[in-house]
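Read the numbers this way: they start at 1 and go in the same order the structure lists the ligands and their atoms. In what follows, residues are counted from 1 in the order of the sequence shown. Since we're looking at a predicted model, the values are computed, not measured.
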Amino acid sequence: MLEVRDVGVRYGERQALRDVTFSVEPGELIAVIGPNGAGKSTLFKAICGLVNHEGSVDVNGVHCHDRVDRMDVAYIPQRNDADLLFPITVGELVGAGRRRYRRWYQRATAADRLVVAGALASVNLAGFENRSLTELSGGQLQRAYVARALTQQASVVLLDEALSGVDHPTTDELFDLFERLSEAGTTLLVATHDLALARRRFRRCLAVNGTLRGDGPPDQVLSVGLLDATFGSGGDDALAH
Ligand code: ADP
(Lines give C-alpha, C1' and ligand atoms only; values in the text may rest on other atoms or scores of the structure.)
Protein backbone atom coordinates (compact mmCIF):
# COMPACT_ATOMS: atom_id res chain seq x y z
CA MET A 1 0.00 0.00 0.00
CA LEU A 2 3.02 2.30 0.49
CA GLU A 3 5.71 1.52 -2.05
CA VAL A 4 8.90 3.54 -2.09
CA ARG A 5 11.21 2.70 -4.99
CA ASP A 6 14.73 4.01 -5.64
CA VAL A 7 13.95 7.29 -3.90
CA GLY A 8 16.75 9.85 -3.82
CA VAL A 9 16.80 13.51 -2.79
CA ARG A 10 19.31 16.20 -3.60
CA TYR A 11 19.61 19.59 -1.91
CA GLY A 12 21.61 21.51 -4.48
CA GLU A 13 24.95 19.72 -4.75
CA ARG A 14 24.34 17.55 -1.72
CA GLN A 15 22.78 14.10 -2.17
CA ALA A 16 20.92 13.73 1.14
CA LEU A 17 19.32 10.39 0.27
CA ARG A 18 19.84 7.77 -2.41
CA ASP A 19 18.27 4.52 -3.61
CA VAL A 20 15.74 3.99 -0.84
CA THR A 21 13.38 1.10 -1.58
CA PHE A 22 10.88 -0.52 0.78
CA SER A 23 7.19 -1.32 0.98
CA VAL A 24 4.76 -1.22 3.85
CA GLU A 25 1.50 -3.07 4.46
CA PRO A 26 -1.62 -1.37 5.85
CA GLY A 27 -1.51 -1.07 9.64
CA GLU A 28 2.23 -1.50 10.08
CA LEU A 29 3.88 0.52 12.85
CA ILE A 30 7.49 1.14 11.89
CA ALA A 31 10.44 2.95 13.48
CA VAL A 32 12.72 4.91 11.15
CA ILE A 33 16.04 5.15 12.96
CA GLY A 34 19.24 7.01 12.22
CA PRO A 35 21.42 9.76 13.69
CA ASN A 36 20.74 13.48 13.21
CA GLY A 37 21.22 14.48 9.61
CA ALA A 38 20.76 10.90 8.36
CA GLY A 39 17.89 11.82 6.08
CA LYS A 40 14.85 10.65 8.07
CA SER A 41 12.94 13.93 7.63
CA THR A 42 14.04 14.08 4.03
CA LEU A 43 12.62 10.60 3.44
CA PHE A 44 9.29 11.66 4.99
CA LYS A 45 9.22 14.87 2.96
CA ALA A 46 9.87 12.87 -0.21
CA ILE A 47 7.05 10.44 0.62
CA CYS A 48 4.54 13.25 1.16
CA GLY A 49 5.77 15.31 -1.78
CA LEU A 50 7.29 18.25 0.10
CA VAL A 51 10.65 17.86 -1.67
CA ASN A 52 11.45 16.84 -5.23
CA HIS A 53 12.82 13.33 -5.47
CA GLU A 54 14.08 10.70 -7.84
CA GLY A 55 12.39 7.30 -7.91
CA SER A 56 8.72 6.65 -7.20
CA VAL A 57 6.23 6.67 -4.36
CA ASP A 58 2.94 4.75 -4.69
CA VAL A 59 0.21 5.09 -2.08
CA ASN A 60 -2.72 2.69 -2.18
CA GLY A 61 -1.91 1.85 -5.78
CA VAL A 62 -1.75 5.51 -6.85
CA HIS A 63 1.50 6.52 -8.48
CA CYS A 64 2.18 9.91 -6.89
CA HIS A 65 3.26 12.77 -9.10
CA ASP A 66 2.55 15.73 -6.90
CA ARG A 67 1.17 16.62 -3.49
CA VAL A 68 -2.45 16.23 -4.54
CA ASP A 69 -1.82 12.52 -5.23
CA ARG A 70 -0.53 12.16 -1.68
CA MET A 71 -3.54 13.34 0.27
CA ASP A 72 -3.63 9.91 1.87
CA VAL A 73 -0.34 10.71 3.55
CA ALA A 74 -0.14 12.95 6.63
CA TYR A 75 3.22 14.33 7.71
CA ILE A 76 3.62 15.46 11.29
CA PRO A 77 6.80 17.55 11.34
CA GLN A 78 9.22 17.84 14.19
CA ARG A 79 7.82 20.24 16.79
CA ASN A 80 6.38 22.97 14.69
CA ASP A 81 7.38 26.19 16.38
CA ALA A 82 5.62 28.30 13.74
CA ASP A 83 2.29 26.95 14.98
CA LEU A 84 3.24 27.90 18.50
CA LEU A 85 4.16 31.47 17.59
CA PHE A 86 0.94 31.97 15.70
CA PRO A 87 -1.89 31.97 18.23
CA ILE A 88 -4.24 29.35 16.83
CA THR A 89 -6.54 27.05 18.72
CA VAL A 90 -6.52 23.28 18.86
CA GLY A 91 -9.79 23.30 16.90
CA GLU A 92 -8.23 25.40 14.13
CA LEU A 93 -5.14 23.19 13.91
CA VAL A 94 -7.14 19.97 13.80
CA GLY A 95 -9.82 21.48 11.52
CA ALA A 96 -7.12 22.25 8.94
CA GLY A 97 -7.13 18.53 8.11
CA ARG A 98 -10.64 19.01 6.66
CA ARG A 99 -9.59 21.69 4.17
CA ARG A 100 -9.05 19.20 1.39
CA TYR A 101 -12.76 18.41 1.52
CA ARG A 102 -13.97 21.91 0.65
CA ARG A 103 -13.08 24.83 -1.56
CA TRP A 104 -10.93 27.62 -0.20
CA TYR A 105 -13.86 30.02 0.16
CA GLN A 106 -16.11 27.55 1.98
CA ARG A 107 -16.32 27.67 5.75
CA ALA A 108 -16.22 24.67 8.04
CA THR A 109 -19.60 22.96 8.21
CA ALA A 110 -21.33 21.33 11.16
CA ALA A 111 -20.19 17.99 9.69
CA ASP A 112 -16.57 19.21 9.69
CA ARG A 113 -16.91 20.24 13.33
CA LEU A 114 -18.26 16.81 14.21
CA VAL A 115 -15.29 15.14 12.53
CA VAL A 116 -12.91 17.42 14.47
CA ALA A 117 -14.65 16.66 17.77
CA GLY A 118 -14.50 12.92 17.01
CA ALA A 119 -10.79 13.09 16.16
CA LEU A 120 -10.06 15.01 19.35
CA ALA A 121 -12.00 12.44 21.37
CA SER A 122 -10.01 9.59 19.85
CA VAL A 123 -6.73 11.17 20.96
CA ASN A 124 -8.17 11.93 24.41
CA LEU A 125 -8.40 15.68 23.83
CA ALA A 126 -12.19 15.98 23.86
CA GLY A 127 -13.27 19.53 24.68
CA PHE A 128 -9.88 21.08 23.82
CA GLU A 129 -11.17 22.88 20.68
CA ASN A 130 -10.87 26.39 22.08
CA ARG A 131 -7.56 25.99 23.88
CA SER A 132 -4.57 27.79 22.45
CA LEU A 133 -1.78 25.52 21.19
CA THR A 134 0.60 27.33 23.51
CA GLU A 135 -1.27 25.90 26.50
CA LEU A 136 -0.60 22.28 25.50
CA SER A 137 2.10 20.01 26.87
CA GLY A 138 4.46 18.35 24.36
CA GLY A 139 2.43 15.13 24.41
CA GLN A 140 -0.89 16.93 24.01
CA LEU A 141 0.51 18.86 21.05
CA GLN A 142 1.61 15.64 19.36
CA ARG A 143 -1.83 14.18 19.94
CA ALA A 144 -3.41 17.29 18.39
CA TYR A 145 -1.26 16.77 15.28
CA VAL A 146 -2.35 13.13 15.15
CA ALA A 147 -5.97 14.30 15.41
CA ARG A 148 -5.36 16.56 12.40
CA ALA A 149 -4.08 13.53 10.46
CA LEU A 150 -7.23 11.67 11.49
CA THR A 151 -9.51 14.43 10.18
CA GLN A 152 -7.56 14.30 6.93
CA GLN A 153 -8.45 10.58 6.88
CA ALA A 154 -4.88 9.77 5.97
CA SER A 155 -4.05 6.09 5.70
CA VAL A 156 -0.31 6.71 6.11
CA VAL A 157 0.94 8.91 8.96
CA LEU A 158 4.59 10.00 9.12
CA LEU A 159 5.68 11.24 12.54
CA ASP A 160 8.98 13.06 12.71
CA GLU A 161 10.63 12.66 16.12
CA ALA A 162 7.19 12.64 17.74
CA LEU A 163 8.65 10.97 20.81
CA SER A 164 11.60 13.30 21.37
CA GLY A 165 11.55 15.41 24.48
CA VAL A 166 8.42 13.81 25.91
CA ASP A 167 8.48 12.04 29.26
CA HIS A 168 7.90 8.30 29.80
CA PRO A 169 4.19 8.38 30.64
CA THR A 170 3.59 10.58 27.58
CA THR A 171 5.60 8.23 25.36
CA ASP A 172 3.48 5.34 26.60
CA GLU A 173 0.30 7.30 26.04
CA LEU A 174 1.31 8.25 22.49
CA PHE A 175 2.32 4.69 21.83
CA ASP A 176 -1.02 3.37 22.97
CA LEU A 177 -2.59 5.77 20.48
CA PHE A 178 -0.25 4.63 17.67
CA GLU A 179 -1.10 1.01 18.43
CA ARG A 180 -4.84 1.70 18.35
CA LEU A 181 -4.51 3.47 15.00
CA SER A 182 -2.37 0.70 13.63
CA GLU A 183 -4.90 -1.92 14.69
CA ALA A 184 -7.56 0.12 12.86
CA GLY A 185 -5.47 -0.12 9.66
CA THR A 186 -3.53 3.17 9.65
CA THR A 187 0.13 2.81 8.68
CA LEU A 188 2.52 4.73 10.92
CA LEU A 189 6.18 5.51 10.35
CA VAL A 190 7.84 7.08 13.38
CA ALA A 191 11.29 8.68 12.99
CA THR A 192 13.37 8.39 16.13
CA HIS A 193 16.97 8.35 17.25
CA ASP A 194 15.95 6.55 20.46
CA LEU A 195 17.24 3.03 19.88
CA ALA A 196 16.03 1.68 23.22
CA LEU A 197 12.53 2.75 22.31
CA ALA A 198 12.82 1.23 18.84
CA ARG A 199 13.95 -2.04 20.38
CA ARG A 200 11.23 -2.04 23.01
CA ARG A 201 8.16 -1.02 21.10
CA PHE A 202 8.49 -1.68 17.37
CA ARG A 203 8.38 -4.88 15.38
CA ARG A 204 9.98 -3.40 12.28
CA CYS A 205 12.76 -0.83 11.95
CA LEU A 206 14.12 0.95 8.90
CA ALA A 207 17.70 2.11 9.49
CA VAL A 208 18.52 5.19 7.42
CA ASN A 209 21.77 7.01 6.90
CA GLY A 210 22.08 8.52 3.46
CA THR A 211 20.38 5.38 2.18
CA LEU A 212 18.49 2.42 3.64
CA ARG A 213 20.99 0.47 5.79
CA GLY A 214 18.62 -2.09 7.24
CA ASP A 215 14.99 -3.19 7.24
CA GLY A 216 13.59 -5.79 9.59
CA PRO A 217 12.86 -6.66 13.21
CA PRO A 218 14.77 -4.61 15.85
CA ASP A 219 16.95 -7.59 16.86
CA GLN A 220 18.30 -7.77 13.35
CA VAL A 221 18.44 -4.08 12.46
CA LEU A 222 19.88 -3.03 15.82
CA SER A 223 22.71 -5.57 15.64
CA VAL A 224 26.21 -4.17 16.14
CA GLY A 225 27.28 -4.36 12.50
CA LEU A 226 24.21 -2.61 11.20
CA LEU A 227 24.37 0.03 13.91
CA ASP A 228 27.92 0.79 12.87
CA ALA A 229 26.78 1.18 9.30
CA THR A 230 23.89 3.40 10.37
CA PHE A 231 25.46 5.51 13.10
CA GLY A 232 29.14 5.15 12.30
CA SER A 233 29.44 7.26 9.19
CA GLY A 234 27.67 10.05 7.36
CA GLY A 235 25.02 12.20 8.98
CA ASP A 236 25.58 15.57 10.62
CA ASP A 237 26.63 13.94 13.91
CA ALA A 238 29.40 11.97 12.26
CA LEU A 239 30.53 14.99 10.25
CA ALA A 240 30.78 17.01 13.43
CA HIS A 241 33.21 14.54 15.02
P1 ADP B 1 17.31 13.77 9.89
O2 ADP B 1 15.84 13.97 9.79
O3 ADP B 1 17.70 12.32 9.90
O4 ADP B 1 17.94 14.52 11.04
P5 ADP B 1 17.43 15.41 7.51
O6 ADP B 1 16.59 14.73 6.52
O7 ADP B 1 16.85 16.60 8.23
O8 ADP B 1 17.99 14.35 8.56
O9 ADP B 1 18.77 15.90 6.79
C10 ADP B 1 19.53 15.08 5.92
C11 ADP B 1 20.69 15.90 5.35
O12 ADP B 1 20.18 16.87 4.44
C13 ADP B 1 21.48 16.66 6.40
O14 ADP B 1 22.82 16.70 6.03
C15 ADP B 1 20.87 18.04 6.36
O16 ADP B 1 21.80 19.00 6.79
C17 ADP B 1 20.53 18.18 4.87
N18 ADP B 1 19.35 19.04 4.64
C19 ADP B 1 18.13 18.88 5.16
N20 ADP B 1 17.27 19.82 4.71
C21 ADP B 1 18.00 20.58 3.87
C22 ADP B 1 17.69 21.73 3.06
N23 ADP B 1 16.45 22.25 3.02
N24 ADP B 1 18.68 22.25 2.31
C25 ADP B 1 19.91 21.71 2.31
N26 ADP B 1 20.29 20.64 3.05
C27 ADP B 1 19.33 20.08 3.81
Side-chain angles (χ1 to χ4, degrees), residues 2 4-22 24 28-57 59 64 66-67 70 73-85 138 141-142 145-146 149 154 156-166 171 174-175 178 187-199 201-202 204-216 218 221-223 225-241:
L2 170 64
V4 173
R5 241 171 289 124
D6 302 323
V7 162
V9 176
R10 227 168 225 296
Y11 294 113
E13 290 292 290
R14 182 173 164 70
Q15 182 94 37
L17 210 58
R18 68 173 78 235
D19 299 330
V20 175
T21 298
F22 63 92
V24 175
E28 279 195 84
L29 173 55
I30 298 174
V32 177
I33 62 155
N36 279 334
K40 303 181 296 296
S41 305
T42 300
L43 174 62
F44 284 177
K45 287 176 188 165
I47 293 173
C48 70
L50 282 174
V51 291
N52 289 329
H53 63 83
E54 300 148 14
S56 64
V57 174
V59 181
C64 299
D66 52 32
R67 290 203 65 201
R70 307 183 203 222
V73 182
Y75 171 56
I76 303 180
Q78 258 178 65
R79 240 190 68 158
N80 194 336
D81 292 329
D83 283 344
L84 295 179
L85 289 174
L141 189 60
Q142 285 297 341
Y145 280 116
V146 171
V156 178
V157 180
L158 310 171
L159 293 118
D160 206 345
E161 296 288 353
L163 303 167
S164 297
V166 295
T171 302
L174 283 171
F175 231 94
F178 298 164
T187 302
L188 294 106
L189 273 66
V190 183
T192 180
H193 53 252
D194 184 341
L195 300 184
L197 180 81
R199 202 184 290 278
R201 307 251 3 205
F202 291 87
R204 181 176 173 194
C205 294
L206 300 176
V208 172
N209 194 354
T211 186
L212 191 61
R213 307 280 179 168
D215 176 2
V221 173
L222 303 178
S223 67
L226 252 171
L227 282 185
D228 272 355
T230 307
F231 285 82
S233 64
D236 289 345
D237 281 353
L239 291 173
H241 294 139

Distance filter under 4.0 Å to [X] heavy atoms, resulting ligand 1 atoms:
X: R14; answer: 13 (C), 14 (O)
X: A38; answer: 1 (P), 3 (O), 8 (O)
X: S41; answer: 1 (P), 2 (O), 6 (O), 7 (O)
X: T42; answer: 5 (P), 6 (O), 9 (O), 10 (C)
X: P35; answer: 3 (O)

- Query: Can you check side-chain contact (heavy atoms from CB on, under 4.5 Å) on L29 and F175, steps first, answer last?
  - Reply: CA-CA 10 Å; L29 173 55; F175 231 94; 3.8 Å; yes
- Please walk me through it: do F202 and V221 pass side-chain contact (heavy atoms from CB on, under 4.5 Å)? CA-CA 11 Å; F202 291 87; V221 173; over 6 Å; no
Could an N or O of ligand 1 be found under 3.5 Å from any N or O of [X], whether backbone or side chain?
X: A16; answer: no
X: Q78; answer: no
X: K40; answer: yes
X: N36; answer: no

- Logged contact type for A191 with ligand 1, heavy-atom cut-off 4.0 Å, is neither
- Given that the side chain starts at C-beta and the backbone is N, CA, C, O, which of these parts of K45 lies under 4.0 Å from ligand 1, counting heavy atoms, or is it both or neither? neither
- Run through L17, T42, N52 and flag the one making a side-chain contact (heavy atoms from CB on, under 4.5 Å) with Y11. T42
- Query: Does a side-chain heavy-atom distance below 4.5 Å link V208 with V20?
  - Reply: no
- Message: Any atom of ligand 1 sitting under 4.0 Å from a heavy atom of G34?
- Response: no
- Message: Any atom of ligand 1 sitting under 4.0 Å from a heavy atom of G12?
- Response: no
- Heavy atoms of other groups near R10 CZ, more than 12 under 6.0 Å: yes
- Query: With E54, which residues qualify under side-chain hydrogen bond (donor to acceptor under 3.5 Å, both in side chains), at least two apart?
  - Reply: none
- Task: Could you walk me through whether F22 and V32 pass side-chain contact (heavy atoms from CB on, under 4.5 Å), step by step?
- Result: CA-CA 12 Å; F22 63 92; V32 177; over 6 Å; no
- Message: Before you tell me yes or no, could you show the steps for T192 and I33 under side-chain contact (heavy atoms from CB on, under 4.5 Å), namely the whole-Å CA-CA distance, both residues' side-chain angles and the distance that decides it to 0.1 Å?
- Response: CA-CA 5 Å; T192 180; I33 62 155; 4.0 Å; yes
- Query: Going by atom types only, do S41 and D160 share a side-chain donor-acceptor pair under 3.5 Å?
  - Reply: yes
